[in-house]
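Working notes, beginning with the structure itself.
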Amino acid sequence: MAIIKPNNNTISAITALPFGTGKVLQVVSTAKVDQFSTSSTSYTDITGLSVAITPSATSSKIYVMANFMGGSDSGSGYPAFKMLRGSTAINTGTLAGARVDGFLHMNIYNADTNTGMSISTAFLDSPNTTSETTYKIQTKQSGGNIIRIGAGGNDNAQSAYVRSASIITVMEVSA
């Protein structure tokens, strides 16, 4: 297979893709390798699943990506997740009635509470600032249940179950 070199440049000389106007100016990532659990019915920060970036221009966009595993200790757990810029919720839909705000309200309804589900989200934000900005993920659980991040619901120490890293990455993209 031939390597395509945009505008006849060497691969190392390419600083932006030949389509679109944005360039990636910086990338910051945090990997959380320990586990987190909560039974809170109010949104709470997932400790360690946050990242700070200082945009170089107010016109810059910030592309936020998060990937982690979550599990509930109950076969009928209903955890919800929210992404925030500082204290402002982003990546949410329009609220109506008693619905939960956030990017995911999942129904972990299976008999094997040792398993977890892969959760991924991405959002292109316009923070309009050059001040340091922190992005983070929060979670809450339905009454009486426990949500675990980075492990299955019960986190049993058996060879059939995994623990995983939780990652949040932000990229500054020029306008």
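Nothing here was measured: the structure is a model prediction, and the numbers come from that model.
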*Between atom OG of S120 and atom CD1 of I167, what is the distance when rounded to the nearest 0.5 Å?*
9.5 Å
*Quick one: closest heavy-atom pair of I119 and G70, and the distance?*
CD1-N, 3.9 Å
*Would you sort out whether D45 and S50 count as a side-chain hydrogen bond (donor to acceptor under 3.5 Å, both in side chains), showing the intermediate values?*
CA-CA 9 Å; D45 294 352; S50 65; over 6 Å; no
*Give me the one residue out of T133, D125, T129 that meets side chain to side chain donor-acceptor pair (under 3.5 Å) with R85.*
D125
*Within one Ile-Leu-Val-Met-Phe-Trp-Tyr cluster: I168 and I90, side-chain cutoff 4.5 Å*: yes
*Can you check whether R148 reaches F36 side chain to side chain, under 4.5 Å on heavy atoms?*
no
_Transitive ILVMFWY side-chain link V28 to I137, under 4.5 Å_ = yes
*Just checking, any donor-acceptor pair under 3.5 angstrom between side chains of T44 and Q138?*
no
*How about S174 and K23: do any of their side-chain heavy atoms sit closer than 4.5 Å?*
yes
_So, taking the atom named CD1 in I147 and the one named CD1 in I149, what distance separates them when rounded to the nearest 0.5 Å?_
4.5 Å
*Does some side-chain heavy atom of T38 sit less than 4.5 Å from a side-chain heavy atom of T139?*
yes
*Please tell me if the side chains of N91 and T121 come closer than 4.5 Å, counting only heavy atoms from C-beta onward.*
yes
*Which atom pair, heavy atoms only, marks the closest approach of V51 to S29?*
CG2-N, 4.1 Å
*Straight-line distance of M83 CE to Y135 OH, nearest 0.5 Å*: 9.5 Å
*asked:* Assess, by modelled atom type and distance only, whether the side chains of Q141 and S40 contain a donor and an acceptor separated by less than 3.5 Å.
replied: no
*asked:* Just so I know, are the side chains of S166 and M69 near enough to count as touching, which here means a heavy-atom distance under 4.5 Å?
replied: no
*asked:* Testing the basics here: between S56 and L25, what is the closest heavy-atom pair and its distance to 0.1 Å?
replied: OG-CD1, 3.5 Å
*Side chain proximity check, I53 to I62, heavy atoms < 4.5 angstrom*: yes
*How close do N67 and S118 get, heavy atom to heavy atom, and via which atoms?*
OD1-OG, 3.9 Å
*Sequence neighbours excluded, which residues qualify as salt bridge (charged side-chain N to carboxylate O under 4.0 Å, His left out) partners of K32?*
D34
*Please name the pair of heavy atoms, one in T130 and one in T54, separated by the smallest distance, quoted to 0.1 Å.*
O-CG2, 3.3 Å
*For S59, what residues pass the side-chain hydrogen bond (donor to acceptor under 3.5 Å, both in side chains) criterion, not counting sequence neighbours?*
none
*asked:* For a quick test of reading the model, state the closest non-hydrogen atom pair linking K61 to S126 and the distance between them.
replied: NZ-OG, 2.9 Å
_Under the criterion ring pair (Phe, Tyr, Trp, His ring centres under 6.0 Å), I'd like the reasoning laid out for F81 against F68: C-alpha separation, chi angles, the key distance, then a yes or no._
CA-CA 11 Å; F81 300 93; F68 52 96; 5.4 Å; yes
_Approximate separation, where rounding is to 0.5 Å, of L124 CG and M65 CE_ = 10.5 Å
